[in-house]
Structures are given as structure tokens and as C-alpha cells.
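Note that this is a predicted model, so its numbers are computed, not measured. Chain letters run A, B, ... following the sequence lines, proteins first, then strands; residues in each count from 1.
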2 protein chains.
Amino acid sequence: MQSYPNSSWKYTVPKLSSFEERQADMAARLKAAGHKLTPQRLAILKVLAASEGHPSAEQVHARLQPEHPSMSLATVYKTIALLKQAGEVLELQFSDRDNRYDGHRPDPHPHLICTACGAIVDPDLPGLDNLAEELSRRTGFAVSSHRLDFYGLCPVCRAKQS
Amino acid sequence: MQSYPNSSWKYTVPKLSSFEERQADMAARLKAAGHKLTPQRLAILKVLAASEGHPSAEQVHARLQPEHPSMSLATVYKTIALLKQAGEVLELQFSDRDNRYDGHRPDPHPHLICTACGAIVDPDLPGLDNLAEELSRRTGFAVSSHRLDFYGLCPVCRAKQS
DNA sequence: CTATATGCAAATCGTTTGCACCTTA
DNA sequence: TAAGGTGCAAACGATTTGCATATAG
């Protein structure tokens with residue numbers, strides 16, 4: 001459960017594994033794929049497992065500065081690349097700003113994106129996978145994933161505007 | 001109407017204005033916004049009005065080489081920027097490849113994207129705007145647009161794989 | 001004529017890569 | 001100790017920008 005300041009809006013995320021469980025899962029997956037578990041990687045996994053605010057690579061890096069002052073941004077990108085290969089992180093690509101990452105829910109799911117402040121949240125909106133199946137049947141495409149973003153002003157930025 | 005080679009798949013796009021009408025609309029919009037209608041711009045509008053294959057800026061440029069050998073890629077980007085401002089072109093952003101543009105249907109609508117060859121088509125899939133409205137009501141976001149992409153292998157690339 | 005557009009080349013910026021030095025297992 | 005990881009700096013590539021010249025209205 002999570003809520004916006006200055007707003008009565010609340011939304012729930014489906015009951016999923018805890019952050020700790022997610023981090024452990026991701027670590028196990030990397031190890032299984034033959035990768036080493038360094039302190040840097042574990043720290044990056046921890047941030048991505050929480051994915052609070054759907055951070056960019058730079059935000060992950062910034063968040064770890066206190067604990068790991070010498071960690072380089074390249075290491076963050078390299079770790080994210082491994083996780084992408086393993087299907088353990090969802091990447092939201094943008095061409096006009098940093099990509100954003102969700103390691104807590106790596107399966108495709110809808111996002112609400114504030115066009116003013118860049119906030120990204122997970123709304124509760126079930127029943128989309130059916131759409132993908134239907135499309136596969138109708139079009140001959142072998143649909144394997146999807147992306148659904150809604151763009152608009154979040155309650156906070158809405159208030160600021162008026 | 002349009003179809004893939006080596007495939008019985010067909011899809012239809014909603015009945016819309018013809019390419020010529022779209023081009024004229026876009027030109028009128030630019031003029032109304034105080035911009036000049038140069039031969040380069042008109043040529044770019046023509047390609048975007050058709051939007052066959054949802055071209056990238058580079059593809060638009062390449063397609064116009066024969067007629068306008070001296071046209072620069074920067075001019076294509078600048079014209080697209082004007083059209084984006086005017087809401088006359090839909091931009092599909094990607095961070096790992098060129099952005100793609102649709103000037104024929106500038107309103108948000110679903111896309112089917114082949115992860116192998118990059119083909120982009122418009123499937124017929126009505127009833128999504130309701131979703132956006134519902135989300136607005138539920139979340140407090142002022143949802144103004146959306147993006148829905150389905151990723152998979154198109155029939156042609158599917159055949160090549162097996 | 002004058003504001004605006006074009007074309008070129010340089011700048012931007014997120015991301016990736018090469019490589020010498022470290023670390024995990 | 002060997003395979004793989006880290007950090008740095010340079011390279012990349014799509015897009016944007018500055019500016020001198022050209023052109024639409």
C-alpha cells in the first residue's frame with residue numbers, strides 16, 4: 001500500500017514477494033547463470049528489488065553513493081543488463097529521458113507516468129493478458145510481451161498547476 | 001488494407017481520411033501556427049501522412065533522397081518537432097533504436113511491434129479509451145494519453161526462425 | 001524585404017565498451 | 001589462481017542546436 005501526499009488516492013499492488021525475497025530471487029538467478037555475487041551487485045539488487053519510484057540507473061547509483069562511494073555508474077548499467085537478460089527486471093524505455101527500471105514486478109504491467117515530475121506508479125488494473133492472447137490469435141503475431149503506459153499529471157503536479 | 005508477404009494475416013485500419021487529406025490537414029495546421037510551407041516540409045508531411053511502416057526520421061529522410069537529394073536529416077527532425085507540438089504526429093519512443101512516427105493516426109492507439117525486424121503495424125483493437133477514463137477516475141491522475149505496444153514475432157520472422 | 005527555414009557541423013546525453021587492475025569462488 | 005567483475009575514460013548513436021546562407025510570404 002502506498003499513497004500520494006496531498007491526495008486521498010490510494011492504490012494497491014498485487015500481493016507479491018517481499019523486497020527481501022525478491023532480492024534473494026534475483027541473486028539466486030544471477031548465481032545460477034554463472035555470475036558472481038559481489039557487494040556492488042547485491043546492493044544494486046536491493047535497490048531494484050524495492051524499485052521505489054521505478055528508479056533510473058543514475059538514481060540507483062545515487063542512492064548507493066553513501067554506502068558505496070566508489071561504485072561506478074557503468075557497474076549499475078552492467079548489472080541491469082544481466083538482470084534484463086535473465087528477465088528479472090522490467091525496463092521502461094524513453095528516448096528523451098533516462099530509462100526506468102522495475103525489479104520488483106519484472107512482468108509486463110501497466111504504469112501511470114506523470115509528464116511533469118516523472119513519477120511512475122503501478123495502478124491496479126487486471127485483465128490485460130487476455131488482450132495479448134486475443135491479439136496473438138487475431139494477427140498471427142507471436143505476442144510475447146507488452147507495454148502499457150498512461151501519461152498525465154499526478155495529483156501533486158495537478159495541484160501545483162492550478 | 002494491408003497484408004504480410006508469406007502470410008494469410010490481414011488487418012484493417014479504421015476508416016480514416018486519405019493520405020492526401022491528412023497531408024493537407026497537417027499543412028493547414030502548420031500554416032495556422034505561423035510556419036512556412038517549404039517544399040521540404042510538404043515532402044516530409046507526405047511521407048508522414050502515409051506513415052507506411054511507421055518510419056523513423058532516418059527512413060523519412062532516406063525515402064526523400066531521390067526527390068530532395070540535398071535535404072538534411074536535421075530538417076526532418078525539426079519538422080517532426082513542429083508536428084509533435086501541434087499534436088499531428090504520434091511518436092513511439094525507443095531508447096535502443098530510432099524513434100518511429102505515425103502521422104496518419106496521431107491519436108494514441110495500440111501497436112504490434114516485431115522484435116526481430118522492427119516492423120510496426122496497427123492492429124484493430126477497439127475500446128481502450130474507456131480504460132484511460134476509468135484510470136483517471138480511480139487514481140486521481142489526469143490521464144491525457146497512453147501507449148500500448150505488443151511485442152512479438154511477426155508472421156514473416158516467425159517463419160524464418162523455425 | 002524580413003522573418004523564418006535550411007543545411008552543415010558541432011554539441012548533447014544516456015548508454016555501452018575497452019582495458020588495466022581487483023575480487024569472488 | 002583463474003574466470004569474471006570493477007572503475008575509469010573513451011566511444012557510440014540518436015537527436016538537438018548554433019549559425020551562416022537561402023527562401024517563403
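Ranked by how close their nearest DNA chain D nucleotide is to the 5' end, A:Gln40 and B:Arg100 are led by A:Gln40. Place B:His35 and B:Ser56 on DNA chain D by their nearest nucleotides, and B:Ser56 ends up nearer the 5' end. Nearer the 5' end of DNA chain C, as judged by each residue's closest nucleotide, is the contact made by B:Lys78, out of B:Lys78 and B:Ser95.
Under a 3.5 Å cut-off, the side chain of B:His54 and the backbone N or O of B:Val121 do not form any donor-acceptor pair. Counting only distance, with no hydrogens or angles, the side chain of B:His68 and the backbone of B:Pro66 share no donor-acceptor pair below 3.5 Å.
The number of heavy atoms from other shown groups lying within 6.0 Å of CD (B:Glu58) does not exceed 12. Within 6.0 Å of CZ on A:Arg63 lie more than 12 heavy atoms contributed by other residues, nucleotides or ligands.
Note that CZ of B:Phe150 is 6.5 Å distant from NE2 of A:His146, once rounded to the nearest 0.5 Å. The CG atom of A:Asp98 sits 10.0 Å away from atom OG of B:Ser95, with the distance rounded to the nearest 0.5 Å.
Mapping heavy-atom proximity under 4.0 Å, the span of DNA chain C touched by chain A runs 5' to 3' from C:dG14 to C:dA25. Using a 4.0 Å cutoff to heavy atoms of chain B, the contacted part of DNA chain D runs 5' to 3' from D:dA14 to D:dG25.
Remark: of the listed residues B:Val76, B:Thr75, B:Leu82, B:Leu82 is the sole one forming a side chain to side chain contact (heavy atoms under 4.5 Å, CB included) with B:Arg41.
No engagement by A:Glu58 is indicated, since no non-hydrogen atom pair under 4.0 Å with the nucleic acid exists. B:Asn99 comes within contact range of the sugar-phosphate backbone alone, with a heavy-atom separation under 4.0 Å but no base atom that close.
Figure legend: A:Arg147 and A:Phe94 shown as a cation-pi pair, the cationic atom lying under 6.0 angstrom from the six-membered ring centre and within 45 degrees of its axis.
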